[in-house]
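Only a predicted model underlies this, so the values are computations on that prediction, with no experimental measurement involved.
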Amino acid sequence: MSQDNFFANMLLAWYDVYRRELPWRGETDAYRIWVSEIILQQTQVVQGWGYYRRFVEHFPNVVSLARAEEDEVLKLWEGLGYYSRARNLYAAAKQIVAAGEGFPRTYEAVRALKGVGDYTAGAICSLAFGLPVAAVDGNGYRVLTRCFGIADAVDTAIGQRTVKELAQSLVPNMRPGDFNQAMMDLGAKVCVPRPQCNDCPLVDMCVAHAEGRETAYPKKRGKTKVTERRMAYVVVRRGEDVLIRRREGRDVWRGLYEYVLVDGGTKEPDLMDNAVLQSLWQTERGVLKTLRQGIKHVLSHRRLTVDFYELVLSAETELSEQAKAEGYFFVPRERLDEYAFPALFNKVEL
Ligand code: SF4
């Protein structure tokens, strides 16, 4: 960066006076910064802080995380959503420990960790190691596209590259971590969707402000298509036992547990058409009861509508071969707490 980086100087001077007081501020341990950044990817600070504290108390360093069972990690993550974050943290911890060289200290090596993108790698390296690399989150995109009048859509590869290259050209050698945080703070406090330009340290150089078109940035090409999905869950009970399985494959909620799933795709799920339920019904005429219907749940690209039912079997019912083949097993009801279920399941009382 050149010494006359007006943008960085103005931003840092503003940050020294008006920065946000956040629980993570001042942290320099790379492992802790990594965990906090991963939690904050899709979680508000106010919700994420409690999870973060529990997580780093339970797994105080990368070795303890790598040595855990995946179920233990997912259980701590329960309710936070976007579970691929937890699975990636866990996989990356194993990657680090297997390499045997401690937490990686270069941008390229941090970026190569599973689940770590450009932003997270930039945040870890600038905050923990003082490396002059940019970390641009959604707030940073808003500030930069407005201030420099970037016309490329930020939901395209070219738009993202333009903003990242610009940010990298601006990040100073001194205080790179503060610079990255300052951009996020300005985007969170001043350059908000309806910006308060009178309070902004960049007002004299801001292109969007000069044009009087602040809210025209950042430009976007279009919204991601959201698909609908219908699902039903049947809580199959046998005396005090409940039938569950671990979700595998590439679908949502991988690694979490579920009751008997009847997946309808885009149509209403047909309970009579489910092989596991049929196999249990063959051995015992169960009683089916509706628990809740039409629970809505929105994931990043999917809108789920989920129904819950309960099927009560007699205490002697054998677990069918079909249910075993699909990974289902009985657990005592009082031990259900030991398994991580999607947060949506909390909406149904058993
Ligand atoms: S002048 Fe207004 S639009 Fe420009 S960066 Fe500042 S707050 Fe954002």
Side-chain angles (χ1 to χ4, degrees), residues 1-2 4-15 19-20 33-34 37-38 40-42 106-108 110-113 115-127 129-197 199-224 300-301:
M1 178 222 73
S2 61
D4 57 353
N5 186 339
F6 182 77
F7 180 91
N9 292 342
M10 296 306 286
L11 199 55
L12 285 167
W14 174 86
Y15 180 73
R19 70 171 134 219
R20 290 182 293 176
I33 293 169
W34 174 44
E37 290 294 343
I38 297 294
L40 281 187
Q41 277 172 5
Q42 271 115 350
T106 64
Y107 177 82
E108 290 70 26
V110 174
R111 178 68 178 80
L113 295 174
V116 172
D118 292 345
Y119 164 76
T120 307
I124 293 169
C125 290
S126 63
L127 293 168
F129 309 132
L131 297 178
V133 281
V136 195
D137 71 346
N139 290 334
Y141 269 91
R142 196 162 52 244
V143 172
L144 289 170
T145 54
R146 285 174 172 173
C147 194
F148 292 88
I150 293 171
D152 298 318
V154 293
D155 53 355
T156 61
I158 184 146
Q160 288 175 10
R161 196 168 63 235
T162 305
V163 174
K164 282 176 192 169
E165 285 176 2
L166 171 64
Q168 190 52 47
S169 74
L170 294 167
V171 68
N173 290 323
M174 301 287 289
R175 305 180 65 191
D178 282 352
F179 171 85
N180 286 330
Q181 295 187 116
M183 206 150 52
M184 296 177 219
D185 281 14
L186 189 75
K189 287 181 80 172
V190 177
C191 195
V192 289
R194 293 194 167 278
Q196 297 150 20
C197 301
D199 298 329
C200 180
L202 307 172
V203 67
D204 290 337
M205 66 176 288
C206 178
V207 172
H209 185 68
E211 291 174 346
R213 298 194 314 131
E214 294 89 341
T215 55
Y217 301 90
K219 295 194 187 298
K220 291 211 172 147
R221 190 178 51 181
K223 294 215 179 311
T224 314
S300 50
H301 300 134

Charged N to carboxylate O under 4.0 angstrom, Lys220 versus Asp155?
no

CG of Leu144 to CZ of Arg142, rounded to nearest 0.5 Å, is 11.0 Å

Note: Leu11 and Ala182 closest approach over all heavy atoms is CG-CB, 3.7 Å

CD (Glu108) and SG (Cys125) are apart, to the nearest 0.5 Å, by 8.0 Å

Taking every heavy atom of Tyr217 against every heavy atom of Thr145, the minimum-distance pair comes out as CD2-O, 3.5 Å

Applying salt bridge (charged side-chain N to carboxylate O under 4.0 Å, His left out) to Arg19 and not counting sequence neighbours gives none

Quick note, salt bridge (Lys or Arg N to Asp or Glu O under 4.0 Å) partners involving residues 206-215, not counting sequence neighbours, are Glu211-Arg213

Hits for ring pair (Phe, Tyr, Trp, His ring centres under 6.0 Å) against Phe148, two or more places apart or cross-chain, chain-then-number order -> Phe7

Between Gly122 and Ala135, the two heavy atoms sitting closest are C-CB, 3.7 Å

**Report entry** Whether Asp199 side chain and Val190 backbone form a donor-acceptor pair below 3.5 Å
**Finding:** no

**Q.** More than 12 heavy atoms from other groups under 6.0 Å of CE on Met174
**A.** no

The reported gap from CZ in Phe179 to OG in Ser126 (rounded to nearest 0.5 angstrom) is 10.0 Å

Value for SG (Cys191) from CG (Asn139), rounded to nearest 0.5 Å, stands at 8.5 Å

Presence of salt bridge, Asp118 and Arg111, under 4.0 angstrom: yes

When every non-hydrogen atom of Pro172 is compared with those of Pro132, the smallest separation belongs to O-CB, 3.8 Å

Asp152 and Gly159 have their tightest heavy-atom pair at CB-CA, 3.6 Å

- Item | From CA spacing to verdict: side-chain contact (heavy atoms from CB on, under 4.5 Å), Val133, Val171 | CA-CA 7 Å; Val133 281; Val171 68; 5.8 Å; no

Determine, stepwise, if the pair Asp137 / Tyr141 fulfils side-chain contact (heavy atoms from CB on, under 4.5 Å). CA-CA 6 Å; Asp137 71 346; Tyr141 269 91; over 6 Å; no

- Task: Would you sort out whether Leu186 and Cys200 count as a side-chain contact (heavy atoms from CB on, under 4.5 Å), showing the intermediate values?
- Result: CA-CA 8 Å; Leu186 189 75; Cys200 180; 4.1 Å; yes

Correct closest heavy-atom pair for Pro176 and Gly130 would be CG-O, 3.5 Å

For this session: Go through the steps to decide whether Glu165 and Arg161 satisfy the test side-chain contact (heavy atoms from CB on, under 4.5 Å), and finish with yes or no.
Result: CA-CA 6 Å; Glu165 285 176 2; Arg161 196 168 63 235; 3.4 Å; yes

Output for pair (Asp185 CG, Asn180 CG), nearest 0.5 Å, gives 11.0 Å

*asked:* When you measure from the side chain of Gln181 to the backbone of Leu127, do you find a donor-acceptor pair of N or O atoms at a distance under 3.5 Å?
replied: no

| Is the side chain of Thr120 donor-acceptor paired with the backbone N or O of Val116 at a distance under 3.5 Å, no angle test? | no

Checklist entry - Are Tyr119 and Glu37 close enough that a side-chain donor and a side-chain acceptor fall under 3.5 Å? => result yes

Rounded to the nearest 0.5 angstrom, the OH-CZ distance for Tyr15 and Arg20 is 9.0 Å

Between the side chain of Asn5 and the main-chain N/O of Leu170, is any donor-acceptor distance below 3.5 Å? yes

